[in-house]
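Just so it is clear, the model here is predicted, and its values are computed rather than measured. Residue numbers start from 1 in every chain, and the chains themselves are labelled A, B, ... in the order their sequence lines are given, proteins ahead of strands.
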2 protein chains.
Amino acid sequence: MNIKAVAKLANVSTATVSRTINGSPKVSPDTAARVRKAMETLNFVLNTNARALGSGRSNLLGLIISDITNPFFPELVKAFEDIAVSQGKEVLIANTDYDPDRTMHCVTRMLQRKVDGVAIMTSEISEHVISFFLKRKIPVVFLDTGEPAPGISRINIDYPAGVEMAMHYLTQLGHKDISFISGPLNLNSARTRYQAFMESSAREHLSAKAEYVQEGNHRPDGGYRAMQRILALEHRPTAVLTSNDLTAIGAMGAIFEAGLRIPQDISIIGFDDIQLSAFTEPPLTTVRIPHKDVARTAIEALLGTQDLPSKEPRDGAQYKIQPIFVPRRSAGPIPGEAHSLKRRRADRLHV
Amino acid sequence: MNIKAVAKLANVSTATVSRTINGSPKVSPDTAARVRKAMETLNFVLNTNARALGSGRSNLLGLIISDITNPFFPELVKAFEDIAVSQGKEVLIANTDYDPDRTMHCVTRMLQRKVDGVAIMTSEISEHVISFFLKRKIPVVFLDTGEPAPGISRINIDYPAGVEMAMHYLTQLGHKDISFISGPLNLNSARTRYQAFMESSAREHLSAKAEYVQEGNHRPDGGYRAMQRILALEHRPTAVLTSNDLTAIGAMGAIFEAGLRIPQDISIIGFDDIQLSAFTEPPLTTVRIPHKDVARTAIEALLGTQDLPSKEPRDGAQYKIQPIFVPRRSAGPIPGEAHSLKRRRADRLHV
DNA sequence: CTGTTAGCGCATTCAC
DNA sequence: GTGAATGCGCTAACAG
């Protein structure tokens, strides 16, 4: 059941079948119809491997992420996939699990399958690894860090701005002692957020005690443990900013277990705005990374201007994405002050 | 940079290169070494498309799921992928999004890429669709429903047992008025759990008021809304069982907003045991579906039926997986009773 | 508009 | 052990 069988049944050549499959305009409508009917009756399914081999194009877009288990990524993956499919592309996903060996394996897979482009959404990847793509002239788009270069575009999320929004919100509420629970500091992505916090903290002239910064692991258990350490401090902070929502959720558990209330006793703010954050108790105030924008931008960068309505440059483009502050109920005035919140807050079902 | 270039550099034929790549024992150690060195210096990467075309085998395992955004699935995907990779296979993932059209598209993708087997982890798929795989003798393993058949294995999670454990736990705590928030009842997977509840409810002689069962959507917002409806009832239940953890988390939000306490005023139990469930406040009592077992079993079923010489499709096996009850803190004695919990409960960091 | 032909890169008979 | 030759299913010139 290959193209030849279809050709025979439709009384045409394989070339004509191939043309109708690919929607070539130079096929007469009725032969096309005949071919389509033949495909139908034969239950013909195109062999993508053969097509890729023959044409050189795979119609595959690679997507490398750190850990599918972090809820931020599935949402990103879904958006990426939706847009890719709408552009006639497919997506090959690979998890690095923060492991260099495994990362190399992911890259090899991408190379083996001859992807038309790769979006690298984990910053834990060496420049050496990227060179594998560049040598083969495979477009690369990066999330998070660094400068654009020939053949490689960058999407930078404005972490400093995001952190600044959160910090400003807290200071406005009277907070002066603000803690930070970072991600694993051996990861670039986590360090970026950490540095943004340190800078913002200095800018606001806050007490930057070393013990106010605790390292987590971007998962709830790390946030839980880090928060326990913070709660054990002699001078406890009145607010905590976390490197991602999962960390915040873990931290909230530790706060409740200590018999404290959120936000009356301690305020907490997350980062990412995963779906669940609207449904924690209290709903989590957070800084949203607009994942649909990230996905759209990544695909735009990969495919260039031809296939998408926008007319951005293709090579070495740089995109900056602004996070969005989402005030919910986990952050409030400092204890003892009846500061009334002016800004509208989001509820569970809306923004 | 193909096999031919390697062959030339190593002074051998392409056949020999192919053999050393595939670890054929009939290659002399030192020619193999020479070939490997040549591959190294040329940065040779195998073209998987060509290999699949030439050999007929793709080394790809398909995995069809409903919605990557539901946290249960990433955990499953990860386990599946880990095991597949350890077996020298790769994984092609596809989301149906509960959409029949999109489901058909997923199946087509699998067929096009010539997968060696497919694990279908969504029950929303018609028998007609499966026939596409069976006709091509592609092994299929199903999660959730139905009987095994030639060429198709089934993994059944013992939902009735899981529901029974939860119900028994609640009745033991004195609960008689137990609500259920189902998933979307047009989905088989949701209906299965719903029916298990109804049967268990009848068995325990509980008040099976129609309004005690509310339909959700397996996402937090559905649980939230369904819970609001339940709380508006004149005779409010003392406990709620939900069709999955996400639903439970949404429901908890509604309970708190109504000014009620968990579990003092109302108990709640989830289903799945996603990672986050240990970190809700209070930690969610739930029924765990052991996703690693599911993944391992699925791959076993696929690989076991694959490389067999028989041309007739082998009869599919049937596997039954037992859920595990995970008592945490969201379920307690009925209001007003000082019933003390005998059983040990899991904390946030352990089981 | 349509057919013919020659690869794409690899696995796999067969010979040697 | 190794090499030469054939074909997997499709696309892409090039003719007509």
Side-chain angles (χ1 to χ4, degrees), chain A residues 1-36 38-39 42-60 88 90 108-116 136-137, chain B residues 1-36 38-39 42-60 88 90 108-116 136 307:
Chain A
M1 34 202 89
N2 52 18
I3 229 182
K4 208 145 77 183
V6 176
K8 204 174 66 183
L9 187 79
N11 260 317
V12 292
S13 70
T14 61
T16 300
V17 176
S18 176
R19 288 193 192 99
T20 75
I21 288 173
N22 294 294
S24 162
K26 14 185 17 180
V27 183
S28 90
D30 50 330
T31 50
R34 218 166 61 245
V35 169
R36 258 187 283 276
M39 294 197 297
L42 262 61
N43 266 140
F44 170 74
V45 175
L46 182 69
N47 184 325
T48 317
N49 297 316
R51 185 222 279 267
L53 190 56
S55 69
R57 281 165 293 102
S58 67
N59 264 19
L60 260 184
E90 291 194 71
T108 303
R109 283 176 53 190
M110 301 282 158
L111 261 24
Q112 289 183 333
R113 301 265 172 208
K114 296 273 175 288
V115 294
D116 295 340
R136 291 172 176 74
K137 306 220 184 304
Chain B
M1 32 208 93
N2 52 18
I3 226 181
K4 208 145 76 183
V6 176
K8 203 173 64 183
L9 188 80
N11 260 319
V12 293
S13 71
T14 61
T16 300
V17 177
S18 176
R19 288 193 191 100
T20 74
I21 289 175
N22 294 293
S24 164
K26 13 183 19 179
V27 183
S28 89
D30 51 330
T31 50
R34 218 167 60 245
V35 169
R36 258 187 283 276
M39 294 198 295
L42 261 61
N43 265 141
F44 171 74
V45 175
L46 183 69
N47 183 324
T48 315
N49 297 316
R51 185 221 280 266
L53 190 57
S55 69
R57 281 166 293 101
S58 67
N59 264 17
L60 261 184
E90 291 194 72
T108 303
R109 284 176 52 189
M110 301 282 158
L111 261 24
Q112 289 182 333
R113 301 266 172 207
K114 296 276 175 289
V115 294
D116 294 340
R136 291 171 178 74
D307 296 316

For this session: Could you tell me which non-hydrogen atom of A/A7 sits nearest to which non-hydrogen atom of A/S13, and how far apart they are?
Result: CB-C, 3.7 Å
Exercise. Of the non-hydrogen atoms in B/A52 and A/N49, which two are nearest, and what is the gap between them?
Worked result: CB-ND2, 3.5 Å
In whole angstroms, how far is the [atom2] atom of [N] from the [atom1] atom of [X]?
X      : N     : atom1 : atom2 : result
B/L53  : D/dG7 : CG    : C1'   : 9 Å
B/K8   : D/dA4 : NZ    : P     : 14 Å
A/K114 : C/dG9 : NZ    : P     : 8 Å

Among residues at least two apart in sequence or on other chains, which ones pass side-chain hydrogen bond (donor to acceptor under 3.5 Å, both in side chains) with [X]?
X     : answer
B/S58 : B/D116
B/T20 : none
B/T31 : B/S28
A/E90 : B/R109, B/R113

For this session: Going 5' to 3' through nucleotides 10-16 of chain C, assign each nucleotide B (protein heavy atom under 4.0 Å from a base atom), S (under 4.0 Å only from sugar-phosphate atoms) or - (no protein heavy atom that close).
Result: SBBB---
For this session: Taking only heavy atoms on the protein side, list every residue of residues 24-32 of chain A lying under 4.0 Å from any atom of DNA chain D, sorted numerically.
Result: none
Problem set entry | A/R57 CZ to A/R51 CZ distance, which is reported to the nearest 0.5 Å |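 Between atom CZ of A/R57 and atom CZ of A/R51 there are 8.0 Å.
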With sequence neighbours excluded, tell me which residues meet side chain to side chain contact (heavy atoms under 4.5 Å, CB included) with [X].
X      : answer
B/I3   : B/T14, B/V17, B/S18, B/I21, B/F44
B/R136 : A/N43, A/V45, B/L111, B/F132, B/I138
A/A5   : A/N2, A/L42

For this session: Measure the angle between the two terminal helix axes of the helix from C/dC1-D/dG16 to C/dC16-D/dG1, five base pairs each, and quote it to 10°.
Result: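 The end-segment axes of the helix from C/dC1-D/dG16 to C/dC16-D/dG1 are tilted 30° relative to each other.
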